[in-house]
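See below for the structure under consideration.
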Amino acid sequence: MYLILLPILFPILAGLCLLVYRKEPERKLLTAFTGICLVITGALVVSALTLARQSLTLFYLTRTLPICFRIDEISVLFSLLTVIVFICAGLFAFVYMKHEQKEKRYYGFYLMVFGVLNALCFAGNLITFYLFFELLTLSSLPLVLHTGTKEAIMAGLKYLFYSLCGAYASLFGIYFLYHNCDTLTFTAGGVLQVSPASPEGRFLLLIAFVMILGFGVKAGMFPMHAWLPTAHPAAPAPASAALSAVIVKAGVLALIRVIYYIFGADFLRGSWVQTAWLTLALVTVFMGSMLAYREPVLKKRLAYSTVSQLSYILFGLAVMHPDAFTGGLLHVLAHGFIKGSLFLIAGAIIYTTGKTKVHELRGIGKEMPLTMWCYTIVSLGLIGIPPTGGFVSKWYLAIGGLAGDIGIFRYIGPIVLLISALLTAGYLLPLTIQGFFPGADYDYNTLQKREPARLMTIPILFMTILSVIVGLFPNIITDYLTEFVSTLL
Amino acid sequence: MGPNLWINYGEAVAAILFCIGFTNLLLQTNLIKKIIGLNIMDSAIYLFLAEKGYIAGRTAPIVTDGITSVEAYINPIPSGLVLTGIVVSVSVSALMLSLTIRLYIRYHSLDLDEIAAQLKKEGR
Amino acid sequence: MDFVCNFPFFSILISLFSGTICSVLPEKAAKAVNRIVIAAVGVMSGILLLYLLGTGESFVYWMGHFPAPWGNEIRAGILEAGMALFFCIIMYLSMAGGAHKLFDEVEESKHNLYYILINLLLSSLLALVYTNDMFTAYVFVEINTISACGLIMIRQVGRTIEAAVRYMIMSLLGSGLFLFGLCIMYDLTGHLLMSNIKESVALLIQSGEYQIPLIVSVALMCIGLCIKSALFPFHAWLPDAYGYSTVSSAAILSSLVSKGYIFLLIKIIYRVIGFEIFNNTRIIDVLFVFGLLGMIFGSLSAIKENDIRRMIAYSSVAQIGYIYMGFGMGTQAGMVASVFHILSHAATKSLLFIAAIGLTEVSGGSRKFIDLTGAGYRNKWAGVAFTAGSLSMVGVPLFSGFISKLLFAQAAVQVEGKMLAALIVLGISTVLNAIYFMKTVIRIYATTGDTSYPCITFKDMKVHAIVLLFFIVLNIILGVSSQPIVNMIEQGLAMFA
Amino acid sequence: MTVFQIILMGLLIICAVSVSFSKNLLNSVLIYMSFSLVMSLLWICLESPDLAITEAAVGAGITSVLFFVTLKKIHAINIAEKSEEQKASQCPAPEKGGQDE
Amino acid sequence: MSKRKPAEEYHKTFAFHFFSWLQGEKDPYLGNVEMKPQEEYVIDPEMQLRHEKEHDAILDKVYDMAHNRELRLFHRLYQATSILFCLFLMALLLVTISHLPATGAAVKPVNNEVAARYIESGLEETGAVNIVAGMILDYRAFDTLGESHVLFVATITVLIMLRLDKNKKGEPNPLTRDMNPNDRIYEPKNDAILQLVASFLVPIIIIFGIYIILNGHLGPGGGFSGGAVIGAGLILYLNAFGFSKTERFFTEKTYKWICFFSLSFYCLAKSYSFYTGANHLHSIIPKGTPGAILSSGLILPLNIAVGLVVACTMYAFYAMFRKGGF
């Protein structure tokens, strides 16, 4: 019965004892220890997902607010994504961190973030979720602050204040929810019995919008997205891979939990909150791609693309139609793998060549052919070319958008998705073209093969293959998703 | 305005003295004057309290020749309380005066605002 | 009337008597007596608490041969015993935490005077908690004020003397107003005992005479106690008093002394005037508005502050604003939230003060933020403690700050008119708190590279580290297992009237 | 009896007001002394002799003595300071003389 | 489309700021966060000196009360508001007093059964002829216990402030070295008139003080007033004959031990009577025949104890203020 607690406590304790350990152990021992811990946690998560089915109440924070954990379909999806991305980014970090100092602190907090994310996926009610949402911000902050330079601290402060303000906006909402509905445990189809028309309901609609904005900060929605482009380049590459592939998805998980498991979809269907959410999502999609298009620094460009791709998912959630919902969840998986490998590739490029600007990377395809091949496949996936995962999720999103009863957004939505797909091609493919066909004046004799270390290419290759598999055999995931989506909508 | 303001003239004077003492304590800049204001305020409160116990036409509560009927004496409780109060105000003014001496030795001025200005200048 | 009922009287008497004894003892013995007395009073209050939880109702203890309205009496209930126990724990830990700094702050020969002040402060706090008579409360408020002023000025630096003068002036204004209100109340009801006053006040309300003097007397008493417990508009003396005094006195002053007066105000609300009558006077809204203003302006001036101890002092102005906001809500839940916040603020504030001293020790004694950068690495224990304290103040779950904010929010949501204002200001002040506490935490963990200052390891400040550990554990206990404590507070308040 | 009380109270108010407007500190302390003497007279009119004795002994006696000692101490510090300044102003003069030769 | 604006004019437009904020380049709160590495900040002494001078100049200008306009305005505003607050307070108090029950009236809430019992059974319950003394030392004894401890705390604080101690190595405490220890330089040596008057007056004052203490429970007076009278006598003696004479019989040790014994006696006696009262035990202290000196149970010894404490305290206050020692 306590099996559900193991994947949460084990990484946090491992991280803590790493942090408290007095002197800096030499690299080989440290990387071995962290690798073993990551693998054990992955095994624990998988075993918890398969075996532990019933919910566990740890203790009662106040009279009616327990800290309890429960595994349902959504947590399976998100924890699988977390395990895969964290293990790959962890392996990648073993090589990448040679250039950084204070690795012990990095690995300690890295393991703690892994534990907190598992707890977030397994959270059973809103208070436990908020507890670990707050701890996630605080434990992921040192990852952003890792380099300790002036702008890293500025980026960290900005990330902290944006997340704290978002967290308090959602806490503001939790107070009212705690007052109105008798229990805050996540039940499919919503816990709220108030009808949206009553004055009480109108007020709760405003509360729902405040919570969407609060959790939207973490998911990089339009007005509060400014921390993402500054936090990603400041963090080391494996940390920003974890940050954008999984930690930002915590905001998406929060929105799913709040909208579909507390308020209930039919409470918000057709209300002004839904239209406002749709507009914000679409504006972010378009604006993210436009900004990424003009961005010279590679990691910042990828950060902007995270902003826009996440709003694809939010659009899927906002439409409140089964197909769009499945498309959104699929895009969570696909985007996780694609963006994870993109950031690892960017990290590999910085590690080997030390260049961060896109226009400096002429002829990179010749120097690092394997990595750049993965880059090409993965960016095709993100654009949405058929064989890869991106295409399937965008396909479901478009159908759901068309079928959903959301007024004129049925047409604007798919159009904006299409334009943004083109823009994605616009900001991802030039690197491939420039890399493989450097043009006439490129002197081939100064070229030397600089393929990154074996331990770096394996995670990138693994994630690329995964994103392609998600594209080739989607129906394993889609039938799994569709049979429980009907209970939510 | 209630009926017996002129009957309670003692308490009215006590209230006026209280406000004079209160203003002195707040507004005077010289520390010695502040302490005098403090003492005036305390005496005013004790006058106010003692006026409560006074009953016209009755003598002090000392049982001289064995009469213990209630009509002979005034109410003893307020004078007991004021007795305690007077010693409190003495000890507080002794404390404040010792503080004034130490401040004067250190800053050579009795004016609280001037001392604060010197402190700020020295502090930065 | 079994033996346990004597414990409140014994604890007050022991602390009073130990004050007298310390005047003749040498310095080492005085310190031992002080520690033994605080521990003994703590144990007694603990046993009394268990006994009261068993019987479930409060008892009255005659001070002398004569029944209540003639002689004095003290009354002990669950809330009083719990408060006394908590005060002893905090005082013991603060004294132990600040002991190592005492030598370079206080003159050699004046140490036993310092311990006398601590003992008499403890006795006045206990008397304030237990007393059932208004004039006894006034006398022990005076002892509390004078010994607190002594604690401020024992360091004898120019700044502390000026802070002591300002503190005394404001407190004497406060006690003057309090005594004036008390005299008017005595004049109207003829009693000084709290329960008798309550009956006659109830009679007065029904008969409808003397309405204006009654409200004016309650208002004067409330303003007097607000001035003494540094509510927002009257908080000018607080930053200097807490910022520059010695370590343990700053911790004791900020967490215990102002709480004694607030507890007396709770007694006045419950026992002297009655909870419902107090609710429909307009004083509730005035307290509510001042509480809200205190929360915002306290945090704002804390952000501007450049000295770490003055910043913590300003943050306690904000926390006192929280407590008065709880009073201002006028519901039972609001009162429970305020009492819980008294406990959680006392635990967090003294932890922050003692950790701040640990940090300043390592950065060459200066309290400016520039010199504190990287202090978290040099003094690991103080760094971890300060982070835990600021996380609790910011309201991160698993710490006591989160529970008190949750209780305040639950109480606010039930009050129709004041709900939005309370919640919005709660959010704003939490974010302001987050800004200046997180700024400091990131500041002490920023790496500057210059290692000119010494590093302190566990060996050379063993007691200080253990005290910090106890405070963190106390904070987490309050945060995690808050439910039994909240039940105890509700039970205490129920039998309090 | 009430006429006598009214006179005493009038005296009290005059003393209180004149204390706050008097320039010289010594005058204000003297006026305060008379204030507390009048106060002890008032206690007698209010039929509470205990208070009269205590106010006379403690209020008029001890507090005024403490006020006078404080003023004397402040005055003493002033004189000590002036004498130091004179000493300081005299001794640099001979040094200048030294440099001239 | 639109005419290309020159760069610096474009920088001032709103669109530029909006897009740079949108870009996450320039943040309204934190300023622009571009990626340039931080160059080393080198401090040259001459520039630092200039900073110091400027700093002091600014400080002087800011803090001199006379010419600084805002400070003066603030000061006047503060005075005006506090005067208004005091006038409002006075009006409020006068209105409340007008509603209070008439002074001197026999039937009002204050004269209830509490006062009646003190007067009627005060004599035989406490044995004290002076009902007020009986009340403060027997009925409401806890207040007076607190009261003497207020005096004790005040003495402690005055000792902290003014006592000049030599620490172990002999040199005075650095903080208080500017307080010259001996004040005798400024007072006239053994002024003949004062000594003559003192030698005549001091015994009378002390006998009068002892009389007040001993008759505390019979007539008006009591521990506090008697002690203050004796204290005043001692101060007169000190003034006349100087510290050398008083040190013969009154040093710091005697002060410490007198205070200790009388306060602890007071505490123990009162706690005995509280304990026996609370647990309804019979206290063995005899009441004695009313009117005799040795009557009214504990009140006489308590009065003596309080008298001693108050006398020593008043003398200690004067000695501390005068010389910072005994």
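Just the heavy atoms: all of them, side chains too, but no hydrogens, waters or symmetry mates, feed the values below. By convention in this document, chain letters (A, B, ...) are assigned in the order of the sequence lines, proteins followed by strands, and residues within each chain are numbered from 1.
Here the closest non-hydrogen pair linking D:Asp50 and B:Leu83 is O-CD1, 4.2 Å. For the pair D:Thr70 and B:Leu97, the tightest heavy-atom approach, listed with the atom from each and the gap, is OG1-CD2, 3.7 Å. Between B:Ala50 and D:Trp43, the shortest heavy-atom contact is CB-CZ3, 3.1 Å. Nearest heavy-atom pair, B:Tyr104 versus D:Ile74, reported as atom, atom and distance to 0.1 Å: CZ-CG2, 3.6 Å. Pairing each heavy atom of D:Ala16 with each of B:Leu17, the nearest pair is CB-CD2, 3.5 Å.
Using a distance-only test at 3.5 Å, with no hydrogens or angles considered, a donor-acceptor pair links the side chain of B:Gln28 to the main chain of D:Ser20. At least one donor-acceptor pair under 3.5 Å links the side chain of D:Glu47 to the backbone N or O of B:Ala60.
D:Ile31 does not touch chain B: none of its heavy atoms, backbone or side chain, sits under 4.5 Å away. Contact of B:Ser93 with chain D is made through the side chain alone, with heavy-atom distances under 4.5 Å. D:Ser36 does not touch chain B: none of its heavy atoms, backbone or side chain, sits under 4.5 Å away. Of the two parts of B:Ile62, only the side chain, counted from C-beta on, holds a non-hydrogen atom closer than 4.5 Å to a non-hydrogen atom of chain D. Of the two parts of B:Tyr73, neither the backbone nor the side chain holds a non-hydrogen atom closer than 4.5 Å to a non-hydrogen atom of chain D. In this structure, the portions of B:Leu47 lying under 4.5 Å from any heavy atom of chain D include both its backbone and its side chain.
Within a 6.0 Å radius of NE2 in D:His75, no more than 12 heavy atoms belonging to other residues, nucleotides or ligands are found.
Heavy-atom neighbours of chain B within the stretch residues 62-69 of chain D, taken at a separation under 4.5 angstrom, comprise D:Thr63, D:Leu66, D:Phe67. Within residues 35-44 of chain B, the residues approaching chain D closer than 4.5 Å by heavy atoms are, in numerical order, B:Ile35, B:Ile36, B:Asn39, B:Ile40, B:Ser43, B:Ala44.
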